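Throughout, a chain's letter reflects where its sequence line sits, starting with A, and its residues are numbered from 1. Predicted, not measured: the structure shown is a model, and the values here were computed from it. Heavy atoms only: backbone and side chains are in, while hydrogens, waters and symmetry mates are out.
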Amino acid sequence: GAVVSQHPSRVICKSGTSVKIECRSLDFQATTMFWYRQFPKQSLMLMATSNEGSKATYEQGVEKDKFLINHASLTLSTLTVTSAHPEDSSFYICSATDAEDNEQFFGPGTRLTVL
Amino acid sequence: EDQVTQSPEALRLQEGESSSLNCSYTVSGLRGLFWYRQDPGKGPEFLFTLYSAGEEKEKERLKATLTKKESFLHITAPKPEDSATYLCAVQAWGGSEKLVFGKGTKLTVNP
C-alpha cells in the first residue's frame, strides 16, 4: 500500500508556542489530505479537509485560526497549532487519498504534549 | 447525519477461536466502507474497502463482508499478533472524500 509519513512523531512544547506538523505522501500524489485528532481510547475525529492549492475545509467546532492548514503541493500538507495550550495535547494523524483507487492511507501520527 | 456503530467495544479470544466484529452504519449514500487496524500509538493501517452490498474481501485471516446496513469483519483462527483495535468508517457520496469513523473494537487474542 501507499506510504504516508508525518514529522515529527512526538513533540513537547510550552504553552503559548506554535507547533508545525508535516504530512507527506511518499509514493503517490494526493489532491486531498485530511487531519484528524484522537484522544486516548477514543476514535478519530476529523478536524479538516485539505485540498492542494485551496483553502482547507474545517469541521464544525474546529477553530481555523488556531489550527492552520496549508496544502502547498500534491505531496505535502502542514498543520500548525498556534498558541498551543495543554488542552491541545493529543494524537494528530493525517491521511491522504490515492485518487486512482479511492483508498485512504494514514500517517503514523504525531503525539503533541503541551506543558 | 452519517453514523457508524461498532460492536462489541472489546473482544477477548483465545488463539484459534474464530469470531466476527460488527459495524452498523447509516449513511445518505454509501460510497465506500473502510476497515482499518490500529495498534497503540500508531496510525490506522488500511485493510479493506467495500463498495456494494454482497461484496467480500479477504486478506490472510481476515474477511470483510458488506450488506446494506452493516459490515462484518470475520477473523478466522486468530493469532496473538492480530490483537489491535479495528476501526470501521464510511464514506458518503457528495463531493467530500472524508471518512466517518466508529469507535472501534479492541481485540485481544490470548496465546
Just how far is it from atom [atom1] of [X] to atom [atom2] of [Y], taken to the nearest 0.5 Å?
X       : Y        : atom1 : atom2 : answer
B:Glu45 : A:Phe105 : CD    : CZ    : 10.5 Å
B:Lys42 : A:Ile93  : NZ    : CD1   : 12.5 Å
B:Leu87 : A:Leu44  : CG    : CG    : 6.5 Å

Ring centroid separation B:Phe46 to A:Phe106 under 6.0 Å
no
Measure A:Gln6 against the heavy atoms of chain B and call it side chain, backbone, both or neither at under 4.5 Å.
neither
Between B:Val100, B:Leu99, B:Thr49, which shows the greatest number of heavy-atom pairs under 4.5 Å with chain A?
B:Leu99
Heavy-atom pair count under 4.5 Å with chain A, highest-scoring of B:Ala89, B:Gly102, B:Gly104:
B:Gly102
Does a sphere of radius 6.0 Å around [atom1] in [X] hold more than 12 heavy atoms from other residues, nucleotides or ligands, not counting ones at 6.0 Å or beyond?
X       : atom1 : value
B:Glu17 : CD    : yes
B:Lys57 : NZ    : yes
B:Arg61 : CZ    : yes
B:Lys79 : NZ    : no

Check whether B:Gln6 gets within reach of chain A through its side chain, its backbone, both or neither, counting any heavy atom under 4.5 Å.
neither
Tell me whether [Y] is reachable from [X] by hopping between hydrophobic residues (I, L, V, M, F, W, Y) whose side-chain heavy atoms are closer than 4.5 Å.
X       : Y       : value
B:Val4  : B:Phe72 : no
A:Phe34 : B:Tyr36 : yes
A:Val62 : A:Val81 : yes
A:Phe67 : A:Leu46 : no

A:Glu103 side chain to B:Leu47 backbone, donor-acceptor under 3.5 Å
no
Sub-4.5 Å side-chain heavy-atom contact between B:Lys98 and A:Glu59:
yes
Side chains of A:Met45 and B:Phe101: does their closest heavy-atom pair fall under 4.5 Å?
no
Which heavy atom of A:Phe91 sits nearest to which heavy atom of B:Gln38, and what is that distance?
CE2-NE2, 4.2 Å
